[in-house]
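Notes follow the structure.
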There are 2 protein chains.
Amino acid sequence: MNQSFDIAVVGATGTVGETIVQILEERSFPVTNLHLLASSESAGHSVPFRGKNVRVREVDDFDFSKVQLVFFAAGPAVTLSFVAKASAAGCAVIDLSGALPAAQAPQVVPEANAHVLAGLKKPLQISSPSPSATALAVALAPLRGLLDIQRVNVTACLAVSAQGREAVSELARQTTALLNLHPLETSFFDRQMAFNLLAQVGKPDAQGHVPLEKRLVGELREVLGMPALKVSVTCIQAPVFFGDSFSVSVQLAGPVDLDAVNVALEAAEGIELVEAGDYPTAVGDAVGQDVVYVGRVRHAVDDTSELNFWMTSDNVRKGAALNAVQLAELLIKDLL
Amino acid sequence: MNQSFDIAVVGATGTVGETIVQILEERSFPVTNLHLLASSESAGHSVPFRGKNVRVREVDDFDFSKVQLVFFAAGPAVTLSFVAKASAAGCAVIDLSGALPAAQAPQVVPEANAHVLAGLKKPLQISSPSPSATALAVALAPLRGLLDIQRVNVTACLAVSAQGREAVSELARQTTALLNLHPLETSFFDRQMAFNLLAQVGKPDAQGHVPLEKRLVGELREVLGMPALKVSVTCIQAPVFFGDSFSVSVQLAGPVDLDAVNVALEAAEGIELVEAGDYPTAVGDAVGQDVVYVGRVRHAVDDTSELNFWMTSDNVRKGAALNAVQLAELLIKDLL
C-alpha cells in the first residue's frame with residue numbers, strides 16, 4: 001500500500017491534537033499534506049512534524065475537500081460545528097470529542113471491536129471513546145469470550161492532564177505553594193487538588209452522575225458489544241499529572257480460573273501484563289507508552305467468582321491520540 | 001461518674017499514640033495519672049498533656065499494675081510482647097495493632113457494635129480495627145437494617161500518614177525534588193509516590209492479597225456482624241498526607257430508596273452527610289474531624305439495586321485514636 005493521504009487535525013494545539021501529530025510521525029503514517037487547524041485564538045502557532053514547524057490555521061476558513069481524513073481533537077462544540085462540512089466535502093472523520101451519536105459515528109477501539117469498521121458506509125464517521133473507556137475496553141476485550149461477565153465495578157483515578165494544560169499548571173502551582181507554606185489559590189479546580197483527591201470530575205445531574213461517568217458506561221457497553229453489561233463507575237480526580245489508574249472488579253457467573261485470565265491477558269493486543277507480586281503505576285509504566293498495563297490480577301478475598309485487577313494507561317496516548325491514529329490506520333487499509 | 005483512672009499509652013511517640021493523648025485531653029477523659037510508654041529508642045522524649053510535658057518511659061520496665069487501662073498504639077510485635085503482662089496485672093487493654101485474635105479481643109466500633117462490650121469478661125481486651133475498617137463500619141452500620149446488602153466493593157485511597165512519619169516526609173521530599181527537577185530518591189517507598197498512585201500497600205501473599213486488605217475484610221464482617229458479607233477491596237496508596245478516601249459500591253437484593261438511605265445516614269452517629277451535588281475531600285473536610293464524611297450518594301448508572309457513595313475520614317483520628325478513646329469511654333462507663 002503505497003498510497004499517501006492529506007490529513008487535517010482540528011484542535012492541533014491541544015494536548016491530544018499535538019500528540020496525534022507526534023504519533024502520525026512516530027508510526028510513519030502515509031501523510032502527503034498535514035493541515036493543522038484550531039480556533040482563531042490558537043491559529044498562528046506552529047507544531048513540529050517531520051522536522052518542520054507546521055503552522056496552525058483557523059478551522060473556520062478551511063476547505064475540507066483538500067483532505068481525505070480529519071481528526072476532531074477539540075471539544076464537542078467544535079466537532080458539531082464542522083463535522084457536517086467535513087463529511088459533505090467527502091472526507092472521513094475520526095472524532096475524539098464524544099459529540100456524535102453512536103448511530104452516526106460508532107465508538108471503536110481496534111483491540112475490541114475493529115469489526116465494526118467493515119460495516120461502515122460513507123461518509124465515514126468514527127468515534128474514538130473517552131480515555132477511560134478506551135483503556136478499559138482494551139483490558140476487558142480479551143476476557144469477554146473467556147468469562148461470563150455479570151458486572152464491572154470501576155474506580156477510575158484520572159490524571160489532571162485530561163482537563164488540559166490549565167489543570168496541569170494549577171496542580172503544580174498549588175503543590176509548590178503548599179510546600180512553601182504559601183496560601184493556596186484555586187482557579188481551575190474549585191478546591192485544593194494538591195495532596196488531595198476530588199470525588200467528582202464535572203457537574204453531576206439530578207441522579208448524581210457526571211457526564212464523564214455516563215459516557216464511560218455507554219461507550220464501554222458499545223465497544224465491548226455488551227449492551228446489557230452492568231457497569232458501576234466512579235471517576236475521581238487524582239493529584240497526578242499524566243496517566244490514568246483504574247481499580248477494577250469484575251463479577252462473574254461462577255469461579256474464575258486466574259491462569260486462563262493471565263494467559264488471555266498475556267496474549268492480548270495492546271496489553272502489558274505485569275508479573276504477580278508487582279504492579280504498574282501511571283508515572284512509572286504507562287506514561288509515554290502505547291499499551292495498557294495490567295497487574296494485581298487476583299480473586300476477591302474469599303470470593304473466586306470475583307476478579308480484581310489494577311490497570312494504568314497513558315490517557316493522552318492510548319486513551320486518545322494513539323487510538324485515533326490506530327483507527328486511521330485501519331481506515332486507510334480497507335476503506336479509503 | 002466522678003471516678004478517675006490511671007492510664008498508659010504504649011507507642012506514645014507515634015502519630016496515633018500522640019493523638020490518643022491529645023484526644024484524652026480534648027474530651028476531658030477522667031485521667032488521674034497518664035503513663036506514656038515507648039521502645040528504648042523513643043524513651044526520654046516528652047509529649048504535651050494538659051499543659052505539661054509528660055516524659056515518655058521505656059515500656060519494658062513498666063509495672064502495669066499502676067494503671068487500670070492501657071492503649072497499645074505501637075506495632076503488633078509490641079502488643080504481643082506486653083499484652084499478657086498487662087492483663088495479668090489486671091488492667092483493661094485496648095489494642096490498635098490488630099495483633100490479637102477476635103476470640104480474645106473483639107474488634108469494636110462504637111457506632112456499629114458497641115453491644116459486644118456488654119458480653120466481655122475480664123481481663124478486658126478490645127481491638128480497635130484498622131482505620132479503613134473503622135470508617136467503613138461507621139458508614140455502613142446505619143444501612144444494615146435498612147438494606148439487604150449482598151456485597152460491598154471498596155477502593156480505599158490511603159494517606160501516607162498511615163505508614164508513619166517517614167512516609168510523610170518522603171512524599172514531601174519526593175514532591176519537592178520533582179518540582180525542582182532534581183533526581184528522585186526513594187527510600188521508604190519502593191518507587192515514585194509523588195504525583196503517582198501505588199496499587200499495593202504491603203507485601204501480597206500467593207493469592208495477591210496484602211495483609212491490610214485481608215484484615216479489612218475480616219474486621220468489617222466482624223464489626224458489622226455480617227460474617228458472610230462479600231467484600232471486594234483494593235487498598236491503594238495516594239499522594240495525600242492525611243485523610244483516607246473511599247469509593248464504595250454496595251450491591252443490594254433489590255432497588256434501593258435513596259431518600260431512605262440519606263435519612264438513615266443523616267440521622268446516624270459519627271457521620272456528616274454532604275449535600276447532593278457536592279462531595280467531601282480528605283484535606284478539605286475529614287482531616288482533624290471526628291466524623292466520617294459521606295457524599296455522592298447515588299444509584300449506579302442504570303442500576304437502582306446498586307448504591308454508590310464516596311467517603312473520607314481522618315485515618316489517625318476517627319480511624320484509630322478517636323475510636324480507641326471512644327471505646328475507653330464506654331469501658332469506664334460500664335465495665336471498670
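Lettering follows sequence order; numbering is per chain, from 1.
With chain A as partner, the option from B:A172, B:P239, B:A206, B:G218 having the largest number of non-hydrogen pairs under 4.5 angstrom is B:P239. Comparing B:A282, B:A159, B:S249 by how many heavy-atom pairs each has under 4.5 Å with chain A, the most go to B:S249. For the options A:D278, A:T312, A:D205, heavy-atom pairs under 4.5 Å to chain B are most numerous at A:D278. Most heavy-atom pairs under 4.5 Å with chain B, from the set A:V217, A:T176, A:L198: that is A:L198.
Here the shortest heavy-atom pairing between B:Y279 and A:R191 reads O-NH1, 2.9 Å. In plain terms, the two heavy atoms of A:V283 and B:Q192 that are nearest each other are CG1-OE1, 3.2 Å. Nearest approach of A:N196 to B:G284, heavy atoms of both residues: ND2-N, 4.4 Å.
Heavy atoms of B:D190 lying under 4.5 Å from chain A belong exclusively to its side chain. When heavy atoms are compared at a cutoff of 4.5 Å, B:S245 approaches chain A solely by way of its side chain, counted from C-beta outward. Only the side chain of A:A238 comes within contact range of chain B, with at least one heavy atom under 4.5 Å from a heavy atom of that chain. Contact of B:I236 with chain A is made through the side chain alone, with heavy-atom distances under 4.5 Å. Interface remark: B:V231 contributes backbone atoms only to the contact with chain A (heavy atom separation under 4.5 Å). Only the side chain of B:P204 comes within contact range of chain A, judged by heavy atoms closer than 4.5 Å.
When side chains are defined from C-beta on, B:L197 counts as touching A:W310, because their heavy atoms get closer than 4.5 Å. Residues B:N153 and A:Q251 form no side-chain contact, since every pair of their non-hydrogen atoms from C-beta on lies 4.5 Å or further apart. Under the 4.5 Å side-chain criterion, counting only non-hydrogen atoms from C-beta, A:N308 is in contact with B:S232. Residues B:Q207 and A:H299 have side chains not in contact (no heavy-atom distance under 4.5 Å, counting atoms from C-beta outward).
A donor-acceptor pair under 3.5 Å is absent between the side-chain atoms of A:E213 and the main chain of B:A300, judged by distance alone.
More than 12 heavy atoms of other residues, nucleotides or ligands lie within 6.0 Å of CD in B:Q150, so this atom counts as buried by the packing criterion.
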For side-chain contact (heavy atoms from CB on, under 4.5 Å), just list the numbers for A:H209 and B:R298, CA-CA rounded to whole Å, side-chain angles, deciding distance to a tenth of an Å, and then say yes or no. CA-CA 8 Å; A:H209 303 120; B:R298 63 199 194 278; 3.9 Å; yes

When you look at B:R296 and A:V210, which way does the side-chain contact (heavy atoms from CB on, under 4.5 Å) test go after all the steps? CA-CA 10 Å; B:R296 290 210 73 194; A:V210 298; 4.0 Å; yes

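Here the rule is salt bridge (Lys or Arg N to Asp or Glu O under 4.0 Å) with A:D302, and of B:K230, B:R151, B:R221 only B:R221 fits it.
Atom-to-atom distance recorded for A:F195:CZ and B:T175:OG1 is 4.0 Å, nearest 0.5 angstrom.
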